[in-house]
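Contents: one structure, followed by commentary.
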Amino acid sequence: MTREEFNAFCKSLPHTTHVVQWGGADVWKVGGKVFAIAGWTRNETLGITFKTSEIGYEVLKEMPGLRPAPYLASRGMKWIQHHDVPGLGDADLCDHIKSSHRIVAKGLTKKLQRELDLYQDEAD
């Protein structure tokens, strides 16, 4: 996935905002909370970081090309970084970014979820 494809996909998700921070990283937020980051690459693979469920974290952290996200995972947060090949295919990466968006949105206050019309009617 290229940086342009990453940004276009994140932009397509509901109620997202974009900022460039932390040394030129593309940071995507929903309701003011980060759900995906692209940047910090040392090779040709774009480093993409996303939040995941506890089970997802346990599975993904062992996959080649993926790792617990530096800084975030060291603080006990369940974030994964796609950083090298083989990693995830674009479709799987999009699924995980979309899931991260949902996880973060469901963590917003119920009031903000209602204001943004985000997931508040779905069962957990």
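Numbers here are sequence positions counted from 1.
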Heavy atoms, side chains only, cut-off 4.5 Å: are D90 and F9 in contact? no
Ignoring hydrogens and angles, tell me if any N or O in the side chain of Q81 forms a donor-acceptor pair with the backbone of P70 under 3.5 Å. no
Shared hydrophobic cluster for I97 and V59 (ILVMFWY, side-chain gaps under 4.5 Å): no
Closest non-hydrogen contact found for G31 with L112 is O-CD2, 3.8 Å
Measure the shortest side-chain to side-chain distance between Y57 and W79 over non-hydrogen atoms and say whether it is less than 4.5 angstrom. no
Side chains of L118 and P14: does their closest heavy-atom pair fall under 4.5 Å? yes
Step by step, would you call L88 with H96 a side chain to side chain contact (heavy atoms under 4.5 Å, CB included)? CA-CA 10 Å; L88 297 168; H96 285 289; 3.7 Å; yes
Which atoms form the tightest heavy-atom contact between I37 and V34, and what is the distance? CG1-CG1, 3.7 Å
So salt bridge (charged side-chain N to carboxylate O under 4.0 Å, His left out) across residues 71-87, not counting sequence neighbours, yields none
Atom pair NE2/CG of H15 and L13 - distance to nearest 0.5 Å: 11.0 Å
Rounded to the nearest 0.5 Å, how far apart are CD1 of I103 and CZ of F35? 12.0 Å
List the residues meeting side-chain contact (heavy atoms from CB on, under 4.5 Å) with K33, not counting sequence neighbours, and say none if there are none. V104, L108
What's the verdict on side chain to side chain contact (heavy atoms under 4.5 Å, CB included) for M1 and C94, showing C-alpha distance, side-chain angles and the deciding distance? CA-CA 9 Å; M1 177 178 286; C94 286; 3.3 Å; yes
Dump the intermediate steps for side chain to side chain contact (heavy atoms under 4.5 Å, CB included) on T17 and W28, then the final yes or no. CA-CA 6 Å; T17 57; W28 285 89; over 6 Å; no
For a 4.5 angstrom cut-off between non-hydrogen side-chain atoms, does K98 reach D95? no
Below 4.5 Å, heavy atoms only, C-beta onward: do K61 and L66 meet side chain to side chain? no
Considering only heavy atoms from C-beta outward, does the side chain of I80 approach that of R67 to under 4.5 Å? no
Would you check, one step at a time, whether the test side chain to side chain contact (heavy atoms under 4.5 Å, CB included) holds for T45 with H82? CA-CA 8 Å; T45 302; H82 174 274; 3.6 Å; yes
Heavy-atom closest contact (T49 atom, A69 atom, distance): CG2-CB, 3.5 Å
Side chain proximity check, V20 to D26, heavy atoms < 4.5 angstrom: yes
Evaluate the side-chain proximity of F50 to L93: yes if any heavy-atom separation is below 4.5 Å, no if none is. yes
Taking T16 for the side chain and K29 for the main chain, is one N or O donor matched with an acceptor at less than 3.5 Å? no
